[in-house]
Amino acid sequence: METRIISAKDGIDEAASLILSGELVVFPTETVYGLGANAFNEEAVKKIFVAKGRPQDNPLIVHISTLEQVRDIAVDIPEVFYELANKFMPGPITLILKKSNNIPSVVTAGGDTVGIRMPSNEWARKLIEKSAPLAAPSANRSKHISPTTAKHVYDDLKGEIPLILDDGACKVGIESTVLDLTSETPTILRPGAITAEMLVEVLGEVLENGKVIKIAKAPGMKYTHYAPKVKTVCAISIDHAVAEYDKVKNEGLHPVIVARDIYRDVVCERDQISLGVTIEDYSRNIYAALHTAEENFDYIIVEQLDNKGLAGSIMNRVEKASGGLKV
Ligand code: TXA
Ligand code: MG
(Lines give C-alpha, C1' and ligand atoms only; values in the text may rest on other atoms or scores of the structure.)
(Ligands and ions follow the chains in the order given, each with its own letter.)
Protein backbone atom coordinates (compact mmCIF):
# COMPACT_ATOMS: atom_id res chain seq x y z
CA MET A 1 0.00 0.00 0.00
CA GLU A 2 1.26 3.49 -0.87
CA THR A 3 1.40 5.86 2.12
CA ARG A 4 0.84 9.57 1.44
CA ILE A 5 1.54 12.57 3.68
CA ILE A 6 -0.78 15.51 3.03
CA SER A 7 -1.34 18.77 4.93
CA ALA A 8 -4.28 18.46 7.32
CA LYS A 9 -6.01 21.37 5.61
CA ASP A 10 -5.83 19.83 2.14
CA GLY A 11 -6.48 16.24 3.20
CA ILE A 12 -9.29 16.60 5.70
CA ASP A 13 -12.17 15.64 3.36
CA GLU A 14 -10.36 12.66 1.88
CA ALA A 15 -9.43 11.55 5.40
CA ALA A 16 -13.06 11.73 6.52
CA SER A 17 -14.22 9.59 3.57
CA LEU A 18 -11.49 7.04 4.25
CA ILE A 19 -12.67 6.75 7.87
CA LEU A 20 -16.30 6.41 6.76
CA SER A 21 -15.33 3.63 4.34
CA GLY A 22 -13.61 1.66 7.11
CA GLU A 23 -9.99 2.62 6.42
CA LEU A 24 -7.29 3.96 8.77
CA VAL A 25 -6.06 7.56 8.86
CA VAL A 26 -3.18 9.07 10.83
CA PHE A 27 -4.14 12.42 12.34
CA PRO A 28 -2.36 15.08 14.41
CA THR A 29 -3.20 15.71 18.07
CA GLU A 30 -1.61 18.05 20.63
CA THR A 31 0.06 15.07 22.36
CA VAL A 32 1.30 12.65 19.67
CA TYR A 33 0.02 11.55 16.22
CA GLY A 34 -2.86 9.04 16.37
CA LEU A 35 -3.75 6.09 14.10
CA GLY A 36 -7.52 6.34 13.82
CA ALA A 37 -10.42 4.13 12.75
CA ASN A 38 -14.19 4.57 13.10
CA ALA A 39 -14.71 3.46 16.71
CA PHE A 40 -18.06 1.85 15.86
CA ASN A 41 -16.66 -0.25 12.99
CA GLU A 42 -15.16 -3.50 14.29
CA GLU A 43 -13.42 -4.46 11.04
CA ALA A 44 -11.84 -1.02 10.74
CA VAL A 45 -10.55 -1.10 14.33
CA LYS A 46 -9.00 -4.54 13.79
CA LYS A 47 -6.80 -2.99 11.08
CA ILE A 48 -5.16 -0.78 13.74
CA PHE A 49 -3.84 -3.81 15.63
CA VAL A 50 -2.48 -5.30 12.38
CA ALA A 51 -0.83 -2.06 11.19
CA LYS A 52 0.90 -1.47 14.55
CA GLY A 53 1.59 -5.06 15.49
CA ARG A 54 -0.22 -4.21 18.73
CA PRO A 55 -1.08 -6.89 21.32
CA GLN A 56 -4.84 -7.63 21.34
CA ASP A 57 -5.04 -7.11 25.11
CA ASN A 58 -4.14 -3.41 25.00
CA PRO A 59 -7.28 -1.23 24.78
CA LEU A 60 -7.67 1.82 22.52
CA ILE A 61 -8.81 5.35 23.41
CA VAL A 62 -11.93 6.74 21.68
CA HIS A 63 -11.45 10.32 20.47
CA ILE A 64 -14.44 12.67 20.36
CA SER A 65 -15.15 16.19 19.11
CA THR A 66 -18.18 17.07 21.28
CA LEU A 67 -19.31 15.98 24.73
CA GLU A 68 -22.68 14.78 23.33
CA GLN A 69 -20.85 11.89 21.65
CA VAL A 70 -19.96 10.43 25.04
CA ARG A 71 -23.49 9.12 25.48
CA ASP A 72 -23.05 6.80 22.46
CA ILE A 73 -19.78 5.47 23.85
CA ALA A 74 -20.19 5.18 27.64
CA VAL A 75 -22.89 4.39 30.20
CA ASP A 76 -23.34 5.31 33.89
CA ILE A 77 -21.43 8.55 33.32
CA PRO A 78 -20.63 10.13 36.71
CA GLU A 79 -21.03 13.86 37.34
CA VAL A 80 -17.29 14.17 37.97
CA PHE A 81 -16.71 13.25 34.32
CA TYR A 82 -18.43 16.47 33.25
CA GLU A 83 -16.61 18.52 35.86
CA LEU A 84 -13.26 17.25 34.60
CA ALA A 85 -14.38 17.61 30.97
CA ASN A 86 -15.42 21.22 31.51
CA LYS A 87 -12.05 22.04 32.95
CA PHE A 88 -9.62 19.95 30.90
CA MET A 89 -11.33 19.13 27.57
CA PRO A 90 -10.38 19.62 24.87
CA GLY A 91 -6.90 18.77 26.09
CA PRO A 92 -4.34 16.08 26.92
CA ILE A 93 -6.46 13.88 29.18
CA THR A 94 -8.24 10.53 28.74
CA LEU A 95 -11.06 9.60 31.12
CA ILE A 96 -12.03 5.94 31.61
CA LEU A 97 -15.77 5.23 31.87
CA LYS A 98 -18.03 2.18 31.71
CA LYS A 99 -18.36 1.07 28.10
CA SER A 100 -21.58 1.17 26.05
CA ASN A 101 -22.56 -1.89 24.00
CA ASN A 102 -22.34 0.30 20.87
CA ILE A 103 -18.55 0.08 21.11
CA PRO A 104 -17.15 -3.19 19.71
CA SER A 105 -15.15 -5.13 22.28
CA VAL A 106 -12.04 -5.09 20.06
CA VAL A 107 -11.72 -1.36 20.96
CA THR A 108 -11.55 -2.07 24.68
CA ALA A 109 -9.58 -5.32 24.39
CA GLY A 110 -12.57 -7.22 25.72
CA GLY A 111 -12.86 -5.05 28.85
CA ASP A 112 -16.00 -3.31 30.08
CA THR A 113 -14.44 0.16 30.31
CA VAL A 114 -13.54 2.67 27.61
CA GLY A 115 -11.10 5.58 27.47
CA ILE A 116 -12.47 8.88 26.12
CA ARG A 117 -10.42 11.83 24.98
CA MET A 118 -11.21 15.12 23.20
CA PRO A 119 -8.02 16.34 21.52
CA SER A 120 -7.42 20.08 21.30
CA ASN A 121 -5.87 19.91 17.82
CA GLU A 122 -8.41 21.54 15.50
CA TRP A 123 -7.79 19.06 12.64
CA ALA A 124 -8.30 16.08 14.90
CA ARG A 125 -11.65 17.48 15.99
CA LYS A 126 -12.62 18.45 12.43
CA LEU A 127 -11.88 14.93 11.22
CA ILE A 128 -14.08 13.44 13.95
CA GLU A 129 -16.84 15.98 13.19
CA LYS A 130 -16.78 15.03 9.50
CA SER A 131 -16.64 11.27 10.10
CA ALA A 132 -17.07 9.55 13.47
CA PRO A 133 -15.51 9.18 16.92
CA LEU A 134 -12.09 7.61 16.35
CA ALA A 135 -10.53 4.68 18.16
CA ALA A 136 -6.85 5.54 18.04
CA PRO A 137 -3.56 4.59 19.64
CA SER A 138 -0.33 6.49 19.04
CA ALA A 139 0.70 6.06 15.37
CA ASN A 140 3.88 4.07 15.94
CA ARG A 141 4.85 0.45 15.54
CA SER A 142 4.02 -1.27 18.83
CA LYS A 143 6.78 -0.64 21.42
CA HIS A 144 8.59 2.00 19.36
CA ILE A 145 8.80 5.72 20.30
CA SER A 146 5.55 7.67 19.85
CA PRO A 147 5.51 10.01 16.81
CA THR A 148 5.38 13.78 17.20
CA THR A 149 5.78 14.60 13.48
CA ALA A 150 4.27 13.19 10.28
CA LYS A 151 7.74 12.01 9.25
CA HIS A 152 8.12 9.94 12.43
CA VAL A 153 4.88 8.17 11.46
CA TYR A 154 5.97 7.70 7.86
CA ASP A 155 9.31 6.19 8.82
CA ASP A 156 7.59 3.75 11.19
CA LEU A 157 4.38 2.76 9.37
CA LYS A 158 4.89 3.39 5.64
CA GLY A 159 3.21 0.71 3.56
CA GLU A 160 0.74 -0.11 6.36
CA ILE A 161 -1.53 2.95 6.09
CA PRO A 162 -2.94 5.03 3.23
CA LEU A 163 -2.88 8.59 4.57
CA ILE A 164 -1.10 10.80 7.13
CA LEU A 165 -2.58 14.22 7.88
CA ASP A 166 0.32 16.57 8.61
CA ASP A 167 -0.04 19.46 11.05
CA GLY A 168 3.60 19.93 12.04
CA ALA A 169 5.11 19.07 15.42
CA CYS A 170 2.81 18.16 18.32
CA LYS A 171 2.53 20.93 20.91
CA VAL A 172 2.54 18.84 24.11
CA GLY A 173 4.73 15.99 22.90
CA ILE A 174 3.93 13.22 25.41
CA GLU A 175 0.75 11.13 25.55
CA SER A 176 -2.37 12.15 27.46
CA THR A 177 -2.92 11.61 31.16
CA VAL A 178 -5.13 8.51 31.62
CA LEU A 179 -7.52 8.79 34.56
CA ASP A 180 -9.79 5.90 35.56
CA LEU A 181 -13.18 7.11 36.80
CA THR A 182 -14.58 3.60 37.27
CA SER A 183 -12.47 2.76 40.31
CA GLU A 184 -13.66 3.82 43.73
CA THR A 185 -11.09 6.58 43.90
CA PRO A 186 -10.26 8.16 40.52
CA THR A 187 -6.90 6.66 39.60
CA ILE A 188 -4.15 7.91 37.32
CA LEU A 189 -3.15 5.02 35.05
CA ARG A 190 -0.67 7.06 33.01
CA PRO A 191 0.77 10.44 34.02
CA GLY A 192 0.74 13.27 31.48
CA ALA A 193 0.57 17.03 31.05
CA ILE A 194 -2.60 17.20 33.17
CA THR A 195 -0.88 16.39 36.45
CA ALA A 196 -2.11 14.85 39.70
CA GLU A 197 -1.79 18.27 41.32
CA MET A 198 -4.17 19.74 38.73
CA LEU A 199 -6.65 16.85 39.04
CA VAL A 200 -6.76 16.94 42.83
CA GLU A 201 -8.14 20.45 42.63
CA VAL A 202 -11.24 19.23 40.80
CA LEU A 203 -11.56 15.79 42.35
CA GLY A 204 -11.03 17.14 45.84
CA GLU A 205 -14.31 18.98 45.56
CA VAL A 206 -16.05 15.78 44.52
CA LEU A 207 -14.55 13.10 46.70
CA GLU A 208 -15.49 12.90 50.36
CA ASN A 209 -12.87 12.89 53.11
CA GLY A 210 -10.26 14.42 50.81
CA LYS A 211 -9.14 11.07 49.35
CA VAL A 212 -6.00 11.42 47.26
CA ILE A 213 -5.24 10.23 43.72
CA LYS A 214 -3.37 6.94 43.58
CA ILE A 215 -0.77 6.25 40.95
CA ALA A 216 -1.16 2.84 39.35
CA LYS A 217 -0.29 1.30 36.01
CA ALA A 218 -2.27 1.31 32.73
CA PRO A 219 -2.55 -2.15 31.12
CA GLY A 220 -0.36 -1.00 28.23
CA MET A 221 2.36 0.19 30.62
CA LYS A 222 3.57 -3.33 31.28
CA TYR A 223 5.13 -3.47 27.81
CA THR A 224 8.45 -1.73 27.19
CA HIS A 225 7.01 1.24 25.35
CA TYR A 226 8.53 4.30 23.80
CA ALA A 227 11.84 2.51 23.32
CA PRO A 228 14.44 3.66 20.79
CA LYS A 229 16.18 1.00 18.68
CA VAL A 230 19.56 1.67 20.31
CA LYS A 231 20.68 1.45 23.92
CA THR A 232 19.38 4.34 26.00
CA VAL A 233 20.31 5.36 29.55
CA CYS A 234 19.22 8.14 31.88
CA ALA A 235 21.99 10.17 33.55
CA ILE A 236 21.28 11.28 37.12
CA SER A 237 23.34 14.43 36.60
CA ILE A 238 24.98 16.15 33.67
CA ASP A 239 28.40 15.22 35.07
CA HIS A 240 27.33 11.57 35.01
CA ALA A 241 26.15 12.07 31.42
CA VAL A 242 29.51 13.46 30.37
CA ALA A 243 31.44 10.71 32.17
CA GLU A 244 29.30 8.01 30.53
CA TYR A 245 29.73 9.67 27.14
CA ASP A 246 33.51 9.67 27.44
CA LYS A 247 33.56 6.09 28.71
CA VAL A 248 31.48 4.56 25.89
CA LYS A 249 33.24 6.72 23.28
CA ASN A 250 36.50 5.14 24.42
CA GLU A 251 34.88 1.75 23.90
CA GLY A 252 34.33 2.71 20.25
CA LEU A 253 30.66 3.67 20.44
CA HIS A 254 29.09 6.79 18.96
CA PRO A 255 27.10 8.32 21.85
CA VAL A 256 24.92 11.42 22.12
CA ILE A 257 23.71 13.44 25.10
CA VAL A 258 20.04 14.45 24.98
CA ALA A 259 19.74 17.43 27.31
CA ARG A 260 18.57 21.00 27.62
CA ASP A 261 20.63 23.99 26.45
CA ILE A 262 21.51 24.99 30.02
CA TYR A 263 24.11 22.21 29.92
CA ARG A 264 25.82 23.24 26.65
CA ASP A 265 28.90 24.49 28.48
CA VAL A 266 29.34 21.25 30.42
CA VAL A 267 28.64 19.01 27.42
CA CYS A 268 31.14 21.13 25.51
CA GLU A 269 32.27 19.76 22.13
CA ARG A 270 30.54 16.39 22.67
CA ASP A 271 27.49 15.53 20.52
CA GLN A 272 24.28 16.89 22.06
CA ILE A 273 20.66 16.99 20.93
CA SER A 274 18.92 19.95 22.51
CA LEU A 275 15.65 19.67 24.43
CA GLY A 276 15.18 23.44 24.53
CA VAL A 277 15.17 25.42 27.76
CA THR A 278 12.02 24.86 29.85
CA ILE A 279 10.28 21.71 31.10
CA GLU A 280 7.54 22.35 28.50
CA ASP A 281 10.25 22.45 25.79
CA TYR A 282 11.63 19.16 27.14
CA SER A 283 8.16 17.58 26.86
CA ARG A 284 7.57 18.89 23.33
CA ASN A 285 11.01 17.83 22.07
CA ILE A 286 11.83 14.55 23.83
CA TYR A 287 10.36 12.08 21.32
CA ALA A 288 11.74 13.99 18.30
CA ALA A 289 15.13 14.01 20.03
CA LEU A 290 14.99 10.23 20.59
CA HIS A 291 13.99 9.70 16.93
CA THR A 292 16.95 11.79 15.75
CA ALA A 293 19.27 10.13 18.26
CA GLU A 294 18.45 6.54 17.23
CA GLU A 295 18.97 7.42 13.56
CA ASN A 296 22.37 9.03 13.99
CA PHE A 297 23.97 7.50 17.08
CA ASP A 298 24.31 4.11 18.74
CA TYR A 299 24.15 5.10 22.42
CA ILE A 300 21.71 7.63 23.92
CA ILE A 301 22.26 9.40 27.25
CA VAL A 302 19.23 11.38 28.47
CA GLU A 303 19.10 14.19 31.05
CA GLN A 304 17.10 13.35 34.17
CA LEU A 305 14.53 15.74 35.65
CA ASP A 306 12.96 15.64 39.09
CA ASN A 307 9.76 13.69 39.69
CA LYS A 308 7.27 16.48 40.26
CA GLY A 309 4.34 17.48 38.03
CA LEU A 310 5.01 17.56 34.28
CA ALA A 311 8.68 16.70 34.88
CA GLY A 312 7.53 13.50 36.59
CA SER A 313 5.30 12.60 33.63
CA ILE A 314 8.20 13.11 31.25
CA MET A 315 10.52 10.98 33.43
CA ASN A 316 7.92 8.21 33.23
CA ARG A 317 8.55 8.13 29.44
CA VAL A 318 12.33 8.42 29.75
CA GLU A 319 12.28 5.49 32.14
CA LYS A 320 10.33 3.49 29.52
CA ALA A 321 12.82 4.47 26.82
CA SER A 322 15.81 3.46 28.94
CA GLY A 323 14.20 0.40 30.51
CA GLY A 324 15.05 2.01 33.86
CA LEU A 325 18.82 2.08 33.18
CA LYS A 326 20.59 4.87 35.11
CA VAL A 327 24.16 6.07 35.03
O1 TXA B 1 -2.28 11.22 23.90
C2 TXA B 1 -2.76 10.11 23.71
O3 TXA B 1 -3.45 9.50 24.54
C4 TXA B 1 -2.48 9.47 22.33
C5 TXA B 1 -3.19 10.29 21.25
C6 TXA B 1 -3.12 9.65 19.89
O7 TXA B 1 -4.52 10.54 21.63
N8 TXA B 1 -2.96 8.10 22.32
C9 TXA B 1 -2.29 7.10 22.96
O10 TXA B 1 -2.88 5.86 22.78
O11 TXA B 1 -1.30 7.29 23.61
P12 TXA B 1 -2.10 4.50 23.15
O13 TXA B 1 -3.02 3.43 22.68
O14 TXA B 1 -0.76 4.53 22.55
O15 TXA B 1 -2.07 4.50 24.71
C16 TXA B 1 -3.28 4.38 25.44
C17 TXA B 1 -3.03 3.94 26.86
C18 TXA B 1 -2.54 2.51 26.94
O19 TXA B 1 -1.57 2.43 27.98
C20 TXA B 1 -3.79 1.74 27.30
O21 TXA B 1 -3.52 0.57 28.01
C22 TXA B 1 -4.55 2.76 28.16
O23 TXA B 1 -4.27 4.01 27.58
N24 TXA B 1 -6.01 2.52 28.07
C25 TXA B 1 -6.80 2.67 26.99
N26 TXA B 1 -8.07 2.30 27.27
C27 TXA B 1 -8.08 1.90 28.55
C28 TXA B 1 -9.08 1.37 29.44
N29 TXA B 1 -10.33 1.17 29.05
N30 TXA B 1 -8.71 1.08 30.70
C31 TXA B 1 -7.44 1.27 31.11
N32 TXA B 1 -6.45 1.75 30.33
C33 TXA B 1 -6.76 2.06 29.08
MG1 MG C 1 1.25 4.26 22.39
Side-chain angles (χ1 to χ4, degrees), residues 24-37 39 45 48-49 51-65 73-75 88-100 103-121 123-125 127-128 133-148 150 152-153 156-157 164-165 167 170-183 186-194 216-227 283-284 287 313 316-317 320-321:
L24 305 182
V25 169
V26 172
F27 61 98
T29 85
E30 74 279 23
T31 58
V32 301
Y33 276 75
L35 173 58
V45 173
I48 293 176
F49 289 85
K52 278 187 65 115
R54 181 174 174 109
Q56 297 283 345
D57 63 349
N58 196 2
L60 304 176
I61 295 167
V62 177
H63 296 68
I64 58 171
S65 58
I73 300 166
V75 294
F88 297 118
M89 289 186 181
I93 187 163
T94 298
L95 300 176
I96 308 284
L97 297 174
K98 242 180 106 183
K99 160 188 179 303
S100 147
I103 292 291
S105 65
V106 60
V107 172
T108 61
D112 57 6
T113 63
V114 62
I116 293 183
R117 157 158 148 74
M118 190 192 293
S120 64
N121 182 285
W123 297 110
R125 289 217 308 285
L127 176 60
I128 297 162
L134 298 175
S138 50
N140 52 279
R141 247 183 323 100
S142 189
K143 298 181 183 172
H144 194 215
I145 315 163
S146 293
T148 56
H152 294 159
V153 180
D156 226 14
L157 291 179
I164 302 170
L165 289 183
D167 188 35
C170 300
K171 302 276 184 306
V172 174
I174 60 171
E175 302 85 346
S176 63
T177 304
V178 178
L179 180 70
D180 188 355
L181 294 180
T182 67
S183 49
T187 305
I188 293 180
L189 301 180
R190 180 175 68 182
I194 308 291
K217 296 248 182 279
M221 302 299 272
K222 69 175 182 256
Y223 305 105
T224 34
H225 264 73
Y226 322 120
S283 168
R284 198 177 305 115
Y287 282 146
S313 300
N316 168 272
R317 305 312 195 277
K320 287 277 165 191

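All ligand and atom numbering here is 1-based and tracks the order in the structure. Values below: every heavy atom of this structure, side chains too, minus hydrogens, waters and symmetry copies. Residues: numbered from 1 along the sequence shown. Keep in mind that this is a model prediction, so the values were computed, not measured.
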Which is it for Thr113 and ligand 1 at heavy atoms under 4.0 Å: side chain, backbone, both or neither? both
Proximal atoms of ligand 1 relative to His63 (non-hydrogen, under 4.0 Å): 5 (C), 6 (C), 7 (O)
Atom indices of ligand 1, in the order listed, that fall short of 4.0 Å to a heavy atom of Val178: 23 (O)
Heteroatom test (N, O or S) for Asn140 near the Mg ion (ligand 2), limit 2.8 Å: no
Compare every heavy atom of Ala136 with every heavy atom of Gly36, then report the nearest pair and how far apart it is. CA-CB, 3.8 Å
Leu189 and ligand 1 - part of the residue with a heavy-atom distance under 4.0 Å: side chain
Show which atoms of ligand 1 fall inside a sub-4.0 Å distance from at least one heavy-atom site of Ser176. 1 (O), 2 (C), 3 (O)
Between the main-chain N or O of Cys170 and the side-chain N or O of Arg284, is there a donor-acceptor pair closer than 3.5 Å? no
Checking heavy atoms under 4.0 Å, the part of Asn58 that sits near ligand 1 is side chain
Please list, in number order, the atoms of ligand 1 under 4.0 Å from a heavy atom of Thr31. 1 (O), 2 (C), 4 (C), 5 (C)
Give the contacting part of Arg54 toward ligand 1: side chain, backbone, both or neither, where contact means a heavy-atom distance below 4.0 Å. side chain
Partner of Val45 under side chain to side chain contact (heavy atoms under 4.5 Å, CB included), picked from Ile103, Leu60, Val62, is Leu60
Flag, side chain of Ser313 to backbone of Gly192, donor-acceptor distance under 3.5 Å: yes
Near Glu175 (heavy-atom distance under 4.0 Å), the atoms of ligand 1 are 1 (O), 2 (C), 11 (O)
Between Arg117 and Thr31, is there a side-chain donor-acceptor contact under 3.5 Å, judged purely by atom types and distance? yes
